[in-house]
Structure formats: structure tokens, C-alpha cells
2 protein chains.
Amino acid sequence: MPAIKDVARHAGLSVAAVSKYLKNPGSVRPDTRVRIESAIRALQYRPSPFARSLRTRRSGMIAVVVPDVRNPFFAELFDSIRIAARARGWLALLETSDDLQGLLAAVRSLSVGSVDGVIPCFLDDEHTASGLAEALHGRTPVIPVSWQASPQGGGTVLLDVRSGMRRMVRGLLDAGRVAPAYVGGPEDSTVSIQKLAGFRDALATAGLPVQAVPVQRGPFSLQAGHDAARSLLADPARRPDCLVAENDLLAVGCLRGAREMGVRVPDDLWVTGFDDIPLAAMVDPPLTTVSLPIREMGEAAVRLMAAALGVPEDAAGEAAGEASNDAAKGPAASGEALGILEVLPVVVVRESARPAPEAGQMS
Amino acid sequence: MPAIKDVARHAGLSVAAVSKYLKNPGSVRPDTRVRIESAIRALQYRPSPFARSLRTRRSGMIAVVVPDVRNPFFAELFDSIRIAARARGWLALLETSDDLQGLLAAVRSLSVGSVDGVIPCFLDDEHTASGLAEALHGRTPVIPVSWQASPQGGGTVLLDVRSGMRRMVRGLLDAGRVAPAYVGGPEDSTVSIQKLAGFRDALATAGLPVQAVPVQRGPFSLQAGHDAARSLLADPARRPDCLVAENDLLAVGCLRGAREMGVRVPDDLWVTGFDDIPLAAMVDPPLTTVSLPIREMGEAAVRLMAAALGVPEDAAGEAAGEASNDAAKGPAASGEALGILEVLPVVVVRESARPAPEAGQMS
DNA sequence: GTGAAAGCGCTAACAT
DNA sequence: ATGTTAGCGCTTTCAC
């Protein structure tokens with residue numbers, strides 16, 4: 001593996017000259033540049049990222065941490081961050097937080113310190129969040145994508161899932177549903193707690209007996225949705241007329257569970273999801289759900305990260321394909337001056353449920 | 001950021017002693033160990049991964065490259081590799097190859113050289129494969145997970161998709177289907193070419209006019225499956241009685257397309273997938289598909305990588321939770337002595353199609 | 001515009 | 001068992 005000194009020798013120059021060229025090819029004389037370039041080609045030289053990072057204390061990598069890649073919503077979100085990061089010359093790593101101990105160990109020994117910043121997505125189990133913060137002990141910028149503002153105040157992509165859920169459920173109730181049931185995520189997930197709160201907000205507003213409404217909880221998976229639906233629909237005497245699921249995966253599972261129980265959607269039962277993953281429009285019947293602007297969220301997270309790292313605003317777009325897009329970040333964004341970008345969930349109506357359209361602005 | 005010399009000073013020892021402790025805490029006297037540990041705690045010391053990697057030329061990271069994370073099959077596969085890697089103390093990075101230029105740039109400047117090995121999964125567009133090999137120029141072990149053996153011979157997880165598809169289709173034909181149509185992936189994907197070949201093998205064996213059978217191709221997405229089905233079912237006069245899709249995503253899209261065209265599955269039309277992602281069992285009707293042992297594939301890839309990196313066999317399991325599993329790697333594995341692990345696709349019959357069971361061993 | 005040299009934080013001989 | 005020391009490959013003053 002050739003080193004910079006080999007290139008220097010081959011080109012009849014000093015290491016410093018080559019290093020200078022590496023940082024900015026325009027900073028050396030044209031003829032030296034040619035010599036360096038041919039030496040690099042001849043030797044197949046590649047700068048060592050380790051040595052470079054050791055000096056500069058920058059790795060060009062940012063870590064994205066999600067609860068589960070197998071959830072299409074997180075796969076999409078990661079992908080959007082990855083693309084936005086690459087446009088700025090960064091490499092996005094993916095970590096998963098299913099196993100807190102393993103994550104922290106990995107993060108401690110490898111990522112952190114090798115990573116310029118961390119974007120935790122919906123890691124709101126308290127243990128994970130604080131464990132991560134502790135592992136990073138304030139040296140690495142953290143830009144969470146979540147429902148609550150970052151405690152460190154370093155920038156956040158905020159998502160008001162509570163009001164998203166509230167609006168969804170209000171529409172259902174306004175459209176005449178009287179016996180909703182809830183298919184939720186794990187108890188230790190605070191997004192899950194937020195969504196459930198939004199659900200109950202709507203119930204309370206409509207004057208329904210909040211505590212009497214059935215609630216099932218479990219992992220965010222197809223299987224859990226399926227099981228929850230079967231259990232909720234087991235007793236024909238008090239069958240819900242509407243299943244409100246916390247995400248699309250659960251909702252798709254519910255669809256299957258309902259089918260197995262001989263319950264027709266939407267005739268006998270409405271089902272709603274959350275996230276609006278591509279699958280939502282492709283199942284039968286297509287899911288009414290809450291849409292989140294994933295692309296924007298990823299772009300926003302990376303933009304906030306760039307700010308946190310002190311990268312000048314125009315440093316983006318050095319890679320290809322970045323159309324100028326003031327329009328794109330307009331409608332759903334606000335408050336970015338504070339390092340907070342809030343994105344608004346939007347109800348998307350398809351066949352699985354027909355909520356009433358919202359009246360006015362009040363959410 | 002404290003360095004190793006600070007720890008040494010704080011503990012009244014030399015850097016070497018601390019370094020030795022770091023490598024193997026048992027190699028120093030108990031009392032020095034205590035002093036080092038308290039110094040580390042007091043200073044909140046973390047070894048710099050950069051410096052360490054610069055010396056050892058090992059980063060503890062392996063890159064997994066997949067065509068698209070948003071495909072659940074690849075999300076699962078990555079996850080299984082990630083878990084197996086972590087069990088060996090490695091961190092698995094995820095790269096995506098949608099954009100060859102971007103991938104190579106990222107790989108060249110960051111991953112490669114920072115990564116101890118690369119596991120490309122079904123990257124069989126010729127450009128990508130050779131580009132990757134060139135970017136790595138033989139210095140980094142490559143353990144592909146694909147349908148063909150690695151040209152470099154460094155170890156491979158082999159998957160006979162061609163015979164998997166052949167067996168699926170033969171079952172369909174044996175069960176009386178006479179007008180199959182094919183919903184395939186992109187033309188430049190060689191897995192896609194393999195699967196189509198398997199499809200045609202079965203057609204030829206059954207004496208069907210291979211060239212007359214309709215074939216649609218497109219990206220591996222829900223939408224593409226949907227569009228293909230609509231187009232294939234557009235003419236009621238020559239409607240296929242069976243849609244063979246190259247993966248489950250396409251098949252789910254076909255289900256939706258068929259529904260929109262008023263075609264009932266499985267009564268009027270059979271539909272089959274490939275991969276057996278969790279979704280396959282949850283759509284309506286549940287998909288008949290070809291199952292691949294994803295967990296095993298991930299574990300095998302990492303095991304082969306360990307071998308390529310010269311890691312002793314028992315070095316696994318230093319992290320928790322690794323049950324001994326000679327049984328687990330038994331049934332579907334063969335030829336590992338050669339650095340090749342071949343996994344066998346298995347047809348899983350659900351409601352969307354009812355192929356005839358296979359007779360005998362001959363595939 | 002280019003060169004000489006110091007040092008980023010660590011590991012691995014080698015010496016004690 | 002512990003200490004001394006020479007780099008790993010690079011960037012970055014600082015001279016010239």
C-alpha cells in the first residue's frame with residue numbers, strides 16, 4: 001500500500017506538496033499538479049482514511065440509529081438520510097438499537113469517535129437515549145429525529161405524532177365510528193406513548209369513555225398486528241368498528257387478522273395505519289394512514305447536522321444531482337432558525353377507512 | 001480528549017503497560033490493573049479508533065453492499081449479517097448500490113481502507129462487481145452473497161436461484177397451469193437473468209413455447225409489480241392463468257394489480273413470489289413463494305469472512321447470546337471446505353398458488 | 001509554491 | 001510484568 005511519501009518521491013516533490021494537492025489540487029502549480037497526478041496513478045495511491053482522520057479528527061461518517069431496519073419506514077428514512085449525506089460528501093452508517101447493550105458497546109468502541117455525528121431516529125426508550133448521550137459525552141453532535149426536542153438543544157427534526165394521531169382519530173369519530181380499538185407499539189416506546197395520547201385526546205374530545213376503549217400493545221410488526229386484530233375481534237358481541245394501528249406494519253397485520261376472522265374491511269371494520277410506507281397503497285384494501293415527509297426529514301436532519309458541524313451552507317451539492325429546492329423545503333418546515341425543523345403529519349385517505357375531512361385549522 | 005499517555009501518567013505507569021492492558025486486561029498484575037482502570041474511569045478515557053486502526057490496519061468494520069435497503073429482503077439480510085458480525089465483535093456498515101458512481105466514490109474514499117472486508121449481496125450488474133473489485137484492488141477480502149461463485153475464489157454464499165425458480169414453475173405447470181406470464185426485474189440484473197432462465201427451463205421441460213410466454217421487466221418494486229400485472233391482464237382474450245414474479249415485492253404489486261382488474265386470486269389467477277419475506281404470509285391471499293434461509297446466509301457470510309481474515313474459529317461468541325448451533329448450519333449447507341456455502345431455496349405453498357409437490361430429488 | 005519537521009494516539013518489538 | 005522507543009500515514013505550521 002503506497003503512502004504519501006512514495007507519491008512524493010515518485011513525483012520528485014515533498015510530502016507537503018502532495019498533501020497540499022490532496023486538500024486542494026488548485027493550490028499547486030499546473031506542472032506540479034500533473035506530476036503528482038501521474039505519480040498517484042502510477043502507484044495506485046489512495047490516502048489512508050485512518051491517518052487522515054487521526055490528524056483532522058474528522059471521519060466523514062455519520063451514524064444513523066434506528067430501532068429496526070426491517071421496518072420499511074426506517075429503511076426509507078435511512079435511505080433518505082444516506083442520500084442527503086452523500087450529497088454533502090458524508091457516508092451514513094446504519095446502527096440498530098434492538099439490543100441496547102450491543103449497540104452501546106459498538107457505538108462506544110467503534111462508531112463514536114469514528115463518527116462525526118449521530119442521528120438517532122425515534123430512539124426514545126429513555127435508557128437508549130441517555131445511554132447514547134453518555135457514550136458520546138457531548139463531543140459529538142446529535143441531531144435526533146423524533147417527537148420531542150433534543151435535551152441538548154443541538155437541533156432536532158420534530159414530528160408531532162400526537163397531533164397526527166389525534167387528527168386521524170377525530171376524523172374517524174366524526175365519520176360516525178363509535179367503537180374504536182387501538183393497536184399499539186411497545187410500552188417502553190415513547191413515540192408509542194405519544195400516539196396513544198393523541199388517540200385518547202380525540203376520544204376525550206368526542207366524549208367517549210377513554211378507559212373503556214380496548215388497547216393492545218406489542219412489537220411494531222406484521223405479526224403483532226395480526227395477533228392483536230384476532231384478539232380484538234374474537235368476541236362478536238363487542239366487536240370494534242374501527243382498528244387504529246400505530247403504524248402501517250401493524251395495520252397490514254390487522255387486515256390479515258380481520259380477514260381470518262371473516263370480518264370485512266371497510267364494510268364491517270375500518271383499519272388505519274401510520275407512516276404511509278409504499279406498501280400502504282398496495283395492500284387490500286389500500287390503507288388510510290398518516291403520511292410523513294420522509295425525504296424532507298432526511299434532508300433536514302443532514303442539513304441540521306451540517307450546521308452543527310459548522311459546515312458552510314453552500315458546501316452541499318458538491319456531489320451531483322442536487323437541484324435547488326427552496327420550494328421543496330417550504331411547506332412542511334418551520335422554526336429552523338432554532339435548529340428545530342418541525343414536519344407535519346398529513347392524513348391520507350384510502351379505502352380501508354373513510355374519516356371525515358378536517359374542518360378548519362385547529363388541530 | 002484524554003490520550004493513552006494521560007492514563008499512563010495518571011496511573012503512574014508507562015503507555016506500554018496501559019496498551020497491554022487494553023489488549024488483554026489479564027496480562028497485567030491485578031494491582032496495576034486496578035490503577036489503570038481507575039485512571040481510565042477518572043479521565044473518561046476512550047481509545048482512539050483512528051490511531052488504533054492506523055497501527056493495526058484493522059478497523060473492526062465490514063461493509064455490506066446491497067442494491068436497495070428498502071427491499072425487505074435486503075433489510076432482513078443486512079440485519080442477519082449485522083447480528084452475526086456483532087457476535088464476532090465487528091460492526092457491519094450498510095452501503096447501497098443504486099448509484100454506482102456514488103457508491104464507488106464513497107467506497108474508494110472512505111469504506112475501503114477503513115473496512116476489513118466487503119460483503120456484496122447480489123450486486124451482479126457487471127459494472128458494479130468489477131468496479132468494486134477494482135476499487136478494492138485485491139487488498140480487502142470480498143465474500144459475495146450471490147448466485148455465482150466469486151471470481152477471486154475468496155469464498156461465497158451461493159444461492160441457486162435458477163433451480164429455485166425452475167422448481168417453483170415446474171410445480172405450477174404440473175398442477176395444470178397452461179398460460180404463465182413472468183414479472184421480472186431489471187434487464188441488467190444477473191440474478192434476474194438467472195431467475196428468468198430457471199423459468200424458461202421449466203417451460204421448455206414442459207414443452208411450452210418459451211418465446212411466446214409474456215415477460216415483463218422493471219425495477220424490483222411494488223409499483224412495478226402492480227403495473228406489470230395490469231398490463232399483463234389488460235387483454236381478457238389472452239389472459240395468463242398464472243403470474244410468476246421474481247420477488248415478493250413484485251408479487252404483492254401483482255396482487256393489487258389483479259384486484260384492480262377484477263381478477264380473483266387464486267380462483268382466476270395464481271401469483272407466486274420469491275424470497276419469503278415476512279410480508280408474504282400477511283398479504284391477501286398469502287403468497288406462495290420461494291424461501292431462502294436468510295439467517296443462515298448472514299451467519300455463513302460472516303463465518304466465511306472470519307476465515308478470510310484469518311480469525312480463529314472459536315473467536316466468535318465473545319459477545320453474548322451465541323448458542324452453539326452445529327444443527328443450525330447443518331441442513332442447507334454444503335461445500336464449506338471450499339469456502340463456498342450453498343443454500344437451497346425451498347418452495348413454500350400458501351393460498352396465492354397451489355403448485356404440485358415435487359417428485360423425487362431431481363431438480 | 002514548495003520543503004523540513006513535528007506530532008495526531010496508538011501498538012509492538014525490544015530491553016529491562 | 002513493565003518501560004523505552006520507533007513508527008503507522010497523514011496534515012500543518014513554519015521557513016524558504
Side-chain angles (χ1 to χ4, degrees), chain A residues 1-37 39-40 43-61 108-116 139-140, chain B residues 1-40 43-61 89 108-116 139-140:
Chain A
M1 206 72 178
I4 196 172
K5 67 167 184 296
D6 301 312
V7 177
R9 191 176 325 124
H10 191 105
L13 292 162
S14 73
V15 236
V18 181
S19 178
K20 200 146 174 286
Y21 162 86
L22 255 22
K23 187 175 190 191
N24 174 9
S27 69
V28 298
R29 262 200 324 244
D31 61 312
T32 30
R33 199 176 79 192
V34 171
R35 279 156 65 201
I36 293 175
E37 280 168 353
I40 287 179
L43 272 48
Q44 302 240 59
Y45 168 74
R46 303 250 164 266
S48 152
F50 300 138
R52 180 172 281 182
S53 296
L54 180 58
R55 280 295 315 212
T56 61
R57 294 151 174 290
R58 280 274 149 101
S59 68
M61 309 195 284
R108 241 187 282 261
S109 69
L110 293 164
S111 301
V112 169
S114 354
V115 136
D116 297 343
R139 278 177 227 295
T140 309
Chain B
M1 206 74 175
I4 197 172
K5 66 167 185 298
D6 302 312
V7 177
R9 192 176 325 123
H10 191 105
L13 291 163
S14 72
V15 269
V18 180
S19 177
K20 201 146 172 287
Y21 162 85
L22 254 23
K23 187 175 189 190
N24 175 8
S27 67
V28 299
R29 260 199 327 241
D31 60 311
T32 37
R33 199 176 77 192
V34 171
R35 279 156 63 200
I36 293 176
E37 280 168 353
S38 85
I40 288 179
L43 272 48
Q44 301 241 60
Y45 169 74
R46 305 250 163 264
S48 152
F50 301 137
R52 180 174 281 181
S53 296
L54 180 58
R55 279 298 317 216
T56 61
R57 293 150 174 290
R58 280 274 149 100
S59 68
M61 308 195 285
R108 241 187 280 262
S109 68
L110 293 164
S111 301
V112 169
S114 356
V115 135
D116 296 343
R139 279 177 227 294
T140 309

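Note that this is a predicted model, so its numbers are computed, not measured. Chain naming here is simple, since letters A, B, ... match the order of the sequence lines and numbering starts at 1 in each.
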What nitrogen or oxygen pairs link the protein and nucleotides 9-13 of chain D at under 3.5 Å?
residue, atom, partner, partner atom, Å
D:dG9, OP1, B:R57, NH2, 2.3
D:dC10, OP1, A:Y45, OH, 2.4
D:dC10, OP1, A:S48, N, 2.9
D:dC10, OP2, A:I4, N, 2.3
D:dC10, OP2, A:Y45, OH, 3.4
D:dT11, OP1, A:R52, NE, 2.8
D:dT11, OP1, A:R52, NH2, 3.3
D:dT11, OP2, A:S19, OG, 3.1
D:dT11, O2, A:R55, NH1, 2.9
D:dT11, O2, A:R55, NH2, 3.3
D:dT12, O4', A:R55, NH2, 3.4

Output all residues satisfying salt bridge (Lys or Arg N to Asp or Glu O under 4.0 Å) with B:R9, sequence neighbours left out; order by chain, then residue number. B:D6
Across all chains, not counting sequence neighbours, the side-chain contact (heavy atoms from CB on, under 4.5 Å) partners of B:S38 are B:R41
I need the minimum non-hydrogen distance between A:A3 and A:Y45, along with the two atoms involved. C-CE1, 3.6 Å
Closest non-hydrogen atoms of A:S59 and A:V115, given as atom of the first, atom of the second and distance, are OG-CA, 3.7 Å
What residues, two or more places apart in sequence or in another chain, satisfy side-chain contact (heavy atoms from CB on, under 4.5 Å) together with B:A39? B:V7, B:H10, B:A11
Strictly distance-based, threshold 3.5 Å: is any side-chain N or O of A:S19 a donor or acceptor partner for the main-chain N or O of A:V15? no
Once you round it to whole Å, what is the distance between P of D:dA1 and CZ of B:R35? 15 Å
Determine the contact category for B:T32: base if any of its heavy atoms lies under 4.0 Å from a base atom, sugar-phosphate if only primed atoms, P, OP1 or OP2 are that close, otherwise nothing. sugar-phosphate
Determine to 10° how strongly the helix from C:dG1-D:dC16 to C:dT16-D:dA1 is bent, judged from the axes of its five-pair ends. 30°
I need the minimum non-hydrogen distance between A:R35 and A:G12, along with the two atoms involved. NH2-O, 3.3 Å
Measure from the side-chain N and O atoms of A:R58 to the backbone N and O of A:D116, and report whether any donor-acceptor pair falls under 3.5 Å. no
Could you pull out every donor-acceptor pair under 3.5 Å between side chains of residues 21-29 of chain B and any protein atom, sequence neighbours left out?
residue, atom, partner, partner atom, Å
B:Y21, OH, B:E37, OE2, 2.9
B:N24, OD1, B:G26, N, 3.0
B:S27, OG, B:N24, O, 2.7
B:R29, NE, B:D31, OD1, 3.1

Compare every heavy atom of B:S48 with every heavy atom of B:A51, then report the nearest pair and how far apart it is. N-OG, 3.1 Å
Between which nucleotides of DNA chain C, 5' to 3', does chain B make heavy-atom contacts below 4.0 Å? C:dG9 to C:dA12
